Asks: 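Take a look at the following structure, please.
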Amino acid sequence: MGDAVNSVTSTFRPSRALSKVGPSAITRITAATAELKRQGRQIASMHLGEPDFGTPENIVEAAIRAMRAGDTHYTALDGTPEIKSAVQEKFSRENCIYFESDQIVVSSGAKMLLFSAFFATLNPGDEVILPAPYWVSYADIVEMMGARVVVLPTHAQDSFKLRAEDLERAITPNTRWLLINSPSNPSGAVYRKADYEPILEVIARHPQVWFMADDMYEHIIFQDEPFVTPAQLRPDLLGRILTINGVSKAYAMTGWRIGYAGGPTPLIKAIKAVLSQSTSCPCSIAQAAAAEALRGPQESTRRYLGEYRARRNLVMSELSRCPDLKATEPEGTFYAFVDWRALLGASTSKGQTLTDDEDLCQYLLYDCGVSIVPGSAFGTPGFFRISFASSEAELRLGMARIREGCAALK
Ligand code: PLP
């Protein structure tokens, strides 16, 4: 039966848009990890960017109430009045940004909003500036649009934050967007007011450049200085800033698929045009749950933060026992970005030489039983990403395996 289905695939031809995009490194690692587990291997999973907590009960209850009340139909394309006003209140309460209703769109996950915003604005030849390390999907989405990714490397000595002078040099008449994700997946960098200000000054001088702020990890910051987002810092630039956020990470709601964005009306209208011919409205039940998440008690986000802080301390203390690995302490998120370049060219006990970070990840997965993501997936070879969104027991096991695996290299 399977063969019969595949027999027609000889004429299958992917679109040009897909030609540069393969399955992401994380998808490959997830599949390899699942296969090893299926074979009975015990793998410490440290590759997934997904909180291991359950969605808080009040949010689950709101979804059940919505189903019982018959909220099971299509809603307005950009979200129900209830979720849109919850998003408005959130932006105003937490970020001091005041968006009108037509400046807000709610969709099936923040990723769909990133995709739609790029789809709505990019043409072949346009450029998007991504400070590296960057989240895997940005570059792939931009390339799917036929636009060009301009990678700006950042450095551990700058806590992986973009320098304004590097940005200034990279801007051309074709630059359409600068995208900054703070707190950053995978580096854990958190841009403070003083970090954003010189960057926004550069943006102000180049009217063709728009700013996309991906604030997905807003609630996971370990420093005392409060979270800031560009739209609250430069009201004069509000006409070209898109602020993207969502409930996936903040409320352990990855499976509910709700993201939201605020920005200038013409851009939001263009994003809605993309959504109207792709996902249509987001899930009605998930919208009711997300409204409760944004409006209800926020105690769970504080509890998660305490947990992440303890896990970060555990991971950093374990890493400090690995003489060949270097990591900057993450200021936010649940990721640590580790420099393993001191081990480049080392050999495993089976005689395999580690020539790049794909090799290291394969070695740690197949020989040592721990899954991580190579830095090259984030545009930064020589590093790997550890996720500490898993239980303390799993982290202890994974970190011990990384330590022993690295110590065994010659
Ligand atoms: N932005 C960043 C930086 C992420 O890490 C993720 C998910 O991993 C997303 C956006 C997508 O979030 P969502 O689940 O809302 O699509």
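Just so it is clear, the model here is predicted, and its values are computed rather than measured. Atoms within a ligand are numbered from 1 in the order they appear, just like the ligands themselves.
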Asks: Heavy-atom contact under 4.0 Å between Gly109 and ligand 1?
Replies: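 A heavy atom of Gly109 does come that close to ligand 1.
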Asks: Specify side chain, backbone, both or neither for Lys111, according to which of its non-hydrogen atoms lie closer than 4.0 Å to ligand 1.
Replies: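 Answer for Lys111: both.
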Asks: Is there a heavy atom of Lys249 sitting under 4.0 angstrom from any atom of ligand 1?
Replies: yes
Asks: Under a heavy-atom criterion of less than 4.0 Å, does Ala110 contact ligand 1?
Replies: yes
Asks: Answer with yes or no whether the side chains of Gln208 and Thr175 bring together a donor and an acceptor at under 3.5 Å.
Replies: no
Asks: Does the ring center of Tyr308 lie less than 6.0 Å from the ring center of Phe53?
Replies: yes
Asks: Would you mind listing which atoms of ligand 1 come within a distance below 4.0 Å of any non-hydrogen atom of Asp214?
Replies: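 Reading through ligand 1 atom by atom, the close ones are 1 (N), 2 (C), 3 (C), 10 (C).
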Asks: Closest by any non-hydrogen atom to atom 3 (C) of ligand 1: pick that one out of Asn245, Leu179, Asn181.
Replies: Asn181
Asks: Kindly say whether the aromatic ring centers of Tyr134 and Phe378 come within a distance under 6.0 Å.
Replies: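 Tyr134 vs Phe378: aromatic centres not under 6.0 Å.
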Asks: Going by heavy atoms in the side chains, are Arg295 and Glu89 under 4.5 Å from each other?
Replies: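 Yes, close enough: below the 4.5 Å cut-off.
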Asks: Give me the residue, atom name and distance of the protein heavy atom closest to atom 12 (O) of ligand 1.
Replies: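 For atom 12 (O) of ligand 1, the nearest protein heavy atom is Met216 CE, 3.4 Å.
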Asks: Is the Tyr196 to Tyr191 ring centre distance short of 6.0 Å?
Replies: yes
Asks: Could Glu197 and Arg234 be called an ion pair, given the rule that one side-chain N must be under 4.0 Å from one carboxylate O?
Replies: no
Asks: Below 4.0 Å, non-hydrogen atoms only: which portion of Tyr138 touches ligand 1? Side chain, backbone, both or neither.
Replies: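 Just the side chain.
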Asks: Could you tell me the residue and atom name of the protein heavy atom closest to atom 9 (C) of ligand 1, and the distance to it rounded to 0.1 Å?
Replies: Trp135 CH2, 3.3 Å
Asks: Any idea which heavy atoms bring Phe337 and Ser187 closest together, and the distance?
Replies: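 Taking Phe337 first and Ser187 second, the nearest heavy atoms are CB-CA, 3.9 Å.
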Asks: Which bit of Arg257 gets closer than 4.0 Å to ligand 1, counting heavy atoms only: side chain, backbone, both or neither?
Replies: side chain
Asks: Does Thr254 come within less than 4.0 Å of ligand 1, judged by its heavy atoms?
Replies: no
Asks: With ring centroids as reference points, do Tyr304 and Tyr251 lie under 6.0 angstrom apart?
Replies: no
